[in-house]
Amino acid sequence: MTDVPAPRHTLLGRDVRRLLESPLDDAVLRTVWVGGADHAFDPRWDEESMRDWPAGIEAAWLDAERLTDPGFLPPPSAPASDPGLRAVVLEVIDGVAARPAAAMQNRVWPPKLPGLVPALAEVVEKVDAGLGFRLFLRVLKSSALPIGPREHQAFLAVGERFGYPDLVEEGYLHVVPAVT
């Protein structure tokens, strides 16, 4: 049984805080951020450090929360991920790892993003399995990589374990029957 998931805006705040407090180096943070946003948001454009970018997002989130609740205090950022869930997410990522890596390396635009799959695995291992899974879904959706029905069902099962199967269906996952 899963806990009731936090509202999306609270989840965003927790995720940003997890990334800010994480032991990940700036290169890994940038890789997963840019990969998940399909290069739509890159701190390098504004000549910001990778830690400054999410800190600005966190500040905007806190300001917005405090408009409706002046006494708002952000929830704790980093409950430990269950080792079993980490293993499941790493297995799911590993099951399709070659395709995102190849797609990111073989395209002309947006620019290549080497090390994306290892960076996602590092988020799962060192920060949070749920956050790593959500970033992985963003990469799949933003790159429109085809996935098969079996993979889609596996993603739904993982999402269910985290309490947010709707995130698998939300947006665009390119499910193709011929992909196995």
Side-chain angles (χ1 to χ4, degrees), residues 1-83 85-86 88-90 92-93 100 110-111 113 115-143 155 158-173:
M1 174 167 248
T2 59
D3 293 331
V4 175
R8 295 269 168 88
H9 58 280
T10 302
L11 191 59
L12 170 66
R14 284 183 182 169
D15 287 348
V16 168
R17 175 59 29 204
R18 285 179 180 132
L19 290 173
L20 286 169
E21 294 175 349
S22 78
L24 302 177
D25 66 36
D26 281 5
V28 170
L29 282 175
R30 180 186 173 272
T31 298
V32 297
W33 191 272
V34 171
D38 200 27
H39 290 264
F41 302 100
D42 188 340
R44 288 185 185 170
W45 296 341
D46 297 325
E47 298 179 9
E48 288 189 76
S49 79
M50 193 52 232
R51 302 274 174 187
D52 289 342
W53 184 275
I57 292 170
E58 181 185 43
W61 167 67
L62 290 171
D63 288 347
E65 290 291 345
R66 289 181 178 137
L67 285 174
T68 56
D69 179 3
F72 177 79
L73 294 173
S77 63
S81 291
D82 176 321
L85 280 175
R86 278 197 302 269
V88 167
V89 173
L90 290 170
V92 164
I93 291 172
L113 194 58
L116 179 58
V117 173
L120 288 167
E122 201 168 333
V123 170
V124 172
E125 293 167 343
K126 295 181 178 177
V127 182
D128 181 72
L131 174 56
F133 181 63
R134 290 190 303 278
L135 287 168
F136 170 70
L137 289 174
R138 287 290 315 135
V139 167
L140 290 178
K141 291 174 182 183
S142 67
S143 61
F155 300 163
V158 173
E160 182 69 38
R161 288 187 66 182
F162 283 113
Y164 45 74
D166 59 314
L167 289 182
V168 176
E169 293 298 344
E170 187 175 90
Y172 178 71
L173 272 180

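Counting from 1, the numbers follow the sequence of the chain as shown. FYI, side chains are in, hydrogens and waters are out, and symmetry mates aren't considered; it's all heavy atoms of this structure.
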_Straight-line distance of Trp61 CH2 to Arg66 CZ, nearest 0.5 Å_ = 8.0 Å

_Minimum heavy-atom distance between Ala119 and Val28, given as atom pair plus value_ = CB-CG1, 3.9 Å

*asked:* Any salt bridge linking Glu125 with Arg86? Criterion: basic side-chain nitrogen under 4.0 Å from a carboxylate oxygen.
replied: no

_Heavy-atom closest contact (Leu62 atom, Pro74 atom, distance)_ = CD2-CG, 3.9 Å

*Would you please classify the geometry between the Phe136 ring and the Phe155 ring as parallel, tilted or perpendicular, with 30° and 60° separating the classes?*
perpendicular

*Nearest 0.5 Å, what's the CD1-CZ distance between Ile93 and Phe133?*
8.5 Å

*Considering residues at least two apart in sequence or located in another chain, which fulfil the side chain to side chain contact (heavy atoms under 4.5 Å, CB included) criterion with Pro118?*
none

_So, taking the atom named CG in Leu137 and the one named CZ in Arg134, what distance separates them when rounded to the nearest 0.5 Å?_
9.5 Å

*Which atom names give the shortest non-hydrogen contact between Gly35 and Leu116, and what distance separates them?*
CA-CD1, 4.1 Å

*Which one of Leu131, Leu24, Val123, Val127 satisfies the side-chain contact (heavy atoms from CB on, under 4.5 Å) criterion with Val32?*
Val123

*Contacts of type side chain to side chain contact (heavy atoms under 4.5 Å, CB included), residue Ile57, not counting sequence neighbours*: Val16, Trp33, Trp53

*Starting at CG of Leu135, measure out to OG1 of Thr31 and round the result to the nearest 0.5 Å.*
11.5 Å

*Minimum heavy-atom separation for Leu120 to Gly132, with atom names?*
CD2-O, 4.3 Å

*Go through the structure and list residues passing side chain to side chain contact (heavy atoms under 4.5 Å, CB included) with Val88, not counting sequence neighbours.*
Val158, Arg161

*asked:* The criterion is salt bridge (charged side-chain N to carboxylate O under 4.0 Å, His left out); which residues satisfy it with Asp26, sequence neighbours excluded?
replied: Arg51

*Rounded to the nearest 0.5 Å, what separation is found between the CG atom of Leu19 and the CZ atom of Arg14?*
14.0 Å

